[in-house]
Colleague: 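The structure under discussion is supplied below as structure tokens; questions concerning it will follow.
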Number of protein chains: 2
Amino acid sequence: MGANGREPAPATRLLAGSAGWLLGDVAREVTLRLEEALRGDELRWRDYGVLVILESAGPLSQQEIGRRLAVDRSTMVHVIDVLEQRGLVARGRDRADRRAYAVELTGAGRALLAEVLHPLTDAVHEQVLGRLTPGERRTLTRLLARLAGPARDA
Amino acid sequence: MGANGREPAPATRLLAGSAGWLLGDVAREVTLRLEEALRGDELRWRDYGVLVILESAGPLSQQEIGRRLAVDRSTMVHVIDVLEQRGLVARGRDRADRRAYAVELTGAGRALLAEVLHPLTDAVHEQVLGRLTPGERRTLTRLLARLAGPARDA
DNA sequence: CACTGTCAATCAGTTTTACTGACGATTTTG
DNA sequence: CAAAATCGTCAGTAAAACTGATTGACAGTG
């Protein structure tokens, strides 16, 4: 898994009024919990990410998936290999560009997401975000969406 | 550095109203930019994390630092080795428990933080958080602080 | 005080993981 | 059409992290 084994403590306490550090702390915690929740299904955070992206965006090339997850193209080869062997995704050919695959979710992949993975990860998010009221949560989501938005200079 | 080389795109667009995913996206971007900014000083994100923690919390054992960063104790050995060789931290002995080190910042470490690293990372945070108004930024910080707070069940 | 169990740091060895550079096939550009 | 760029792949390499064992220190037991 991650590293330590035990529950992580925040990296900053006093200082660090900086939202950046807090962001890192919270994200690290979410990632650790997510990895733990997914371990039973022999999936890593990144595998789940691939499935979620395909679910929301439809068929994509391996590189495009990797770009969205900040994963190298050569690494994506093996990631998709495994998911394909487990029948969760399929490598179709992109008609417009025969160099690229059009990786897409299979029915089994879609079903696993709906019946197992989403409930699992929703629970994790609930654990972490549970301290906020629904209104606060909406506010947080809105602010983060602004930050995650497109093209922030270069 | 991270992986891809180029600018990362958000992992989720449509779906994913879930704050958890957005959090991951934004944190990933901050991390990538931070790594890039620190590369000139031959430091990784984690090294900077060690220095920041020591600056704000005072001398700590290697394990405690690792726990706060979710880094394994055996990995911390080498991390501190390098920082010590560069004269940024010093391994003192913990008087109360002579099994543990009391790792602390040196003057050089403190100076590097103040004169180089903090300005560098502040700039990164500014790039990413720049889309928010000061008021929104305060709100975000407050919400994240609640999430990063102590003891969220087990 | 000898004895047992625990814990911090370390180290050697192993495993995992990620990147590099090159390649064929294909597309795009000039 | 020739040249440059792109997608996926793979072999080799480099780096990073974990495992288990060891040493010295601490805490509690009888």
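A note on names: the letters A, B, ... follow the listed sequences, proteins ahead of strands, and every chain is numbered from 1.
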Colleague: Assess whether a salt bridge exists between B:E64 and B:R68, defined as any Lys/Arg side-chain N lying under 4.0 Å from an Asp/Glu carboxylate O.
Modeller: yes

Colleague: Can you check whether A:R95 has a side-chain N or O nearer than 4.0 Å to OP1 or OP2 of C:dT27?
Modeller: no

Colleague: Quickly work out the B:L32 CG to C:dC19 C1' distance and round it to whole Å.
Modeller: 15 Å

Colleague: To the nearest Å, how far apart are B:W45 CH2 and D:dA16 P?
Modeller: 15 Å

Colleague: So does A:A102 get a backbone contact from the side chain of A:S61, meaning a donor-acceptor N/O pair under 3.5 Å?
Modeller: no

Colleague: Kindly give the atom pairs (protein nitrogen or oxygen, nucleotide nitrogen or oxygen) under 3.5 Å for nucleotides 7-11 of chain C.
Modeller:
{"residue": "C:dC7", "atom": "O4'", "partner": "B:R99", "partner atom": "NH1", "Å": "3.1"}
{"residue": "C:dC7", "atom": "O2", "partner": "B:R99", "partner atom": "NH1", "Å": "3.0"}
{"residue": "C:dA8", "atom": "OP2", "partner": "B:Q63", "partner atom": "OE1", "Å": "3.1"}
{"residue": "C:dA8", "atom": "OP2", "partner": "B:Q63", "partner atom": "NE2", "Å": "3.0"}
{"residue": "C:dA8", "atom": "O5'", "partner": "B:Q63", "partner atom": "NE2", "Å": "3.2"}
{"residue": "C:dA9", "atom": "OP1", "partner": "B:Q62", "partner atom": "N", "Å": "3.0"}
{"residue": "C:dA9", "atom": "OP1", "partner": "B:Y101", "partner atom": "N", "Å": "3.1"}
{"residue": "C:dA9", "atom": "OP2", "partner": "B:Q63", "partner atom": "N", "Å": "2.8"}
{"residue": "C:dT10", "atom": "OP1", "partner": "B:Y101", "partner atom": "OH", "Å": "2.9"}
{"residue": "C:dT10", "atom": "OP2", "partner": "B:Q62", "partner atom": "OE1", "Å": "3.0"}
{"residue": "C:dT10", "atom": "OP2", "partner": "B:Q62", "partner atom": "NE2", "Å": "2.9"}
{"residue": "C:dT10", "atom": "OP2", "partner": "B:R91", "partner atom": "NH2", "Å": "3.3"}

Colleague: Quick one: on DNA chain C, does A:T75 or A:A96 contact a more 5' nucleotide (nearest heavy atom)?
Modeller: A:T75

Colleague: Specify the separation, in whole Å, of atom CG of A:D47 and atom C1' of C:dT16.
Modeller: 14 Å

Colleague: Can you check whether A:L113 reaches A:L105 side chain to side chain, under 4.5 Å on heavy atoms?
Modeller: yes

Colleague: Please determine whether salt bridge (Lys or Arg N to Asp or Glu O under 4.0 Å) holds for the pair A:E104 and A:R110, giving the CA-CA distance in whole Å, both sets of side-chain angles, and the decisive distance to 0.1 Å.
Modeller: CA-CA 10 Å; A:E104 60 186 338; A:R110 211 171 289 275; over 6 Å; no

Colleague: Check the distance between C:dA18's C1' and A:D72's CG and give it to me in whole angstrom.
Modeller: 8 Å

Colleague: Would A:E136 and B:R146 pass as an ion pair if we require N to O under 4.0 Å?
Modeller: yes

Colleague: I want to check one thing: is the phosphate of C:dA18, taken as OP1 and OP2, less than 4.0 Å away from some side-chain N or O of A:R46?
Modeller: yes

Colleague: For C:dT27, take OP1 and OP2 only and decide whether either is under 4.0 Å from a side-chain N or O of A:R98.
Modeller: yes

Colleague: Tell me: NE2 of A:H78 to P of D:dC7, nearest whole Å?
Modeller: 22 Å

Colleague: Keeping the roles fixed (side chain from B:R33, backbone from B:R28), state whether a donor-acceptor pair exists under 3.5 Å.
Modeller: no

Colleague: Can you check the A:R39 CZ to D:dC18 P distance for me, whole Å?
Modeller: 12 Å

